[in-house]
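Since the structure comes first, as structure tokens, the remarks are kept for the end.
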Amino acid sequence: MMTKNFEDFPVYLKSLDLIEKVYQFLQSQSFEKEFEFNNQIKRASFSISNNIAEGSEYNNNRQFIKYLKIAKGSCAEVRSLLIVSKRLKLGSENKAEEMIILSREISSNISNFIKYLSSNIEKPNF
């Protein structure tokens, strides 16, 4: 049975898990005055799930791949911000590492999704 709705994609569901973890992470008192950081990591984490959702609605593998690549970039941005948080000793280092691992899983899942979609693109007949 083929999945048709983005809400059912395992990678989309993992991206929602990451958003939840980011929000919990930012509850630490050390982030109280880090408005720019908080805003940036929230926006980047939302971008992952939103680009998966938006790209899937085009019903076109080439378009979907374009949005998945953007989602993958946003995933790297979240990971980079988490690495920065560890270096600056903001929040729990263990929670940051847990999210870094999850972001790597999401990135890998997106890569696999792109490979799958790429293999199902009609080649032009020249």
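Taking the side-chain hydrogen bond (donor to acceptor under 3.5 Å, both in side chains) definition, one finds that Gln63 meets it with nothing, sequence neighbours left out. The side-chain contact (heavy atoms from CB on, under 4.5 Å) test applied to Asn50 returns Phe46, not counting sequence neighbours. Taking Tyr58 as the reference, Tyr67 meet the ring pair (Phe, Tyr, Trp, His ring centres under 6.0 Å) condition, with sequence neighbours excluded.
No donor-acceptor pair closer than 3.5 Å links the side chain of Asn61 to the backbone N or O of Ser118. Under the 3.5 Å distance criterion, the side-chain polar atoms of Asn38 are matched with a main-chain donor or acceptor of Phe31. Side chain of Asn5 to main chain of Glu7: no donor-acceptor pair is present (N/O by atom type, distance under 3.5 Å, no hydrogens or angles). Ser92 contributes a side-chain N or O that, together with a main-chain N or O of Lys95, makes up a donor-acceptor pair within less than 3.5 Å.
Identified under the ring pair (Phe, Tyr, Trp, His ring centres under 6.0 Å) test for residues 73-114, with sequence neighbours left out: Phe9-Phe113, Phe64-Phe113. Within the structure, ring pair (Phe, Tyr, Trp, His ring centres under 6.0 Å) pairs that include any residue of residues 90-112 do not occur (at least two apart or interchain).
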Would you tabulate the side-chain donor-acceptor contacts of residues 80-88 under 3.5 Å, counting partners in other chains and residues two or more places apart, or write 'none'?
from: Ser85; atom 1: OG; to: Leu82; atom 2: O; distance (Å): 2.7
from: Lys86; atom 1: NZ; to: Glu97; atom 2: OE1; distance (Å): 2.4

Exercise for the section: Would you sort out whether Leu102 and Glu98 count as a side chain to side chain contact (heavy atoms under 4.5 Å, CB included), showing the intermediate values? Expected result: CA-CA 6 Å; Leu102 179 57; Glu98 179 183 316; 6.0 Å; no
Practice task
Dump the intermediate steps for side chain to side chain contact (heavy atoms under 4.5 Å, CB included) on Met99 and Val22, then the final yes or no.
Solution key: CA-CA 8 Å; Met99 288 183 289; Val22 164; 3.9 Å; yes
Handout entry: From CA spacing to verdict: side chain to side chain contact (heavy atoms under 4.5 Å, CB included), Ile48, Ile52
Key = CA-CA 6 Å; Ile48 301 166; Ile52 294 168; 4.2 Å; yes
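In the hydrophobic clustering of ILVMFWY residues, with side-chain heavy atoms under 4.5 Å counting as a link, Ile70 and Leu16 come out apart. One hydrophobic cluster, built from ILVMFWY side chains closer than 4.5 Å, cannot hold both Ile19 and Ile101; they sit in different ones.
Applying the 6.0 Å contact sphere to NZ of Lys42 captures more than 12 heavy atoms from other residues, nucleotides or ligands.
Here the SG atom belonging to Cys75 is positioned 5.0 Å from the CD1 atom belonging to Ile106, to the nearest 0.5 angstrom. Here NZ of Lys21 is found 12.0 Å from OG of Ser103. Values are rounded to the nearest 0.5 Å. To the nearest 0.5 Å, atoms CG (Asn51) and OG (Ser74) are separated by 5.5 Å. Rounding to the nearest 0.5 Å gives a distance of 12.5 Å between CD1 of Ile110 and OH of Tyr12. Put simply, OG on Ser49 and CD on Glu54 are 11.5 Å apart, with the number rounded to the nearest 0.5 Å. In this structure, Ile41 CD1 and Glu77 CD are separated by 9.0 Å, a value rounded to the nearest 0.5 Å.
In summary, the side chains of Ser111 and Lys72 do present a donor paired with an acceptor at a separation below 3.5 Å, with no hydrogens or angles considered.
The shortest heavy-atom contact between Ser30 and Leu90 is O-CD2, 3.5 Å. A pairwise comparison of heavy atoms in Ser56 and Phe6 identifies OG-CB, 3.3 Å as the closest pair.
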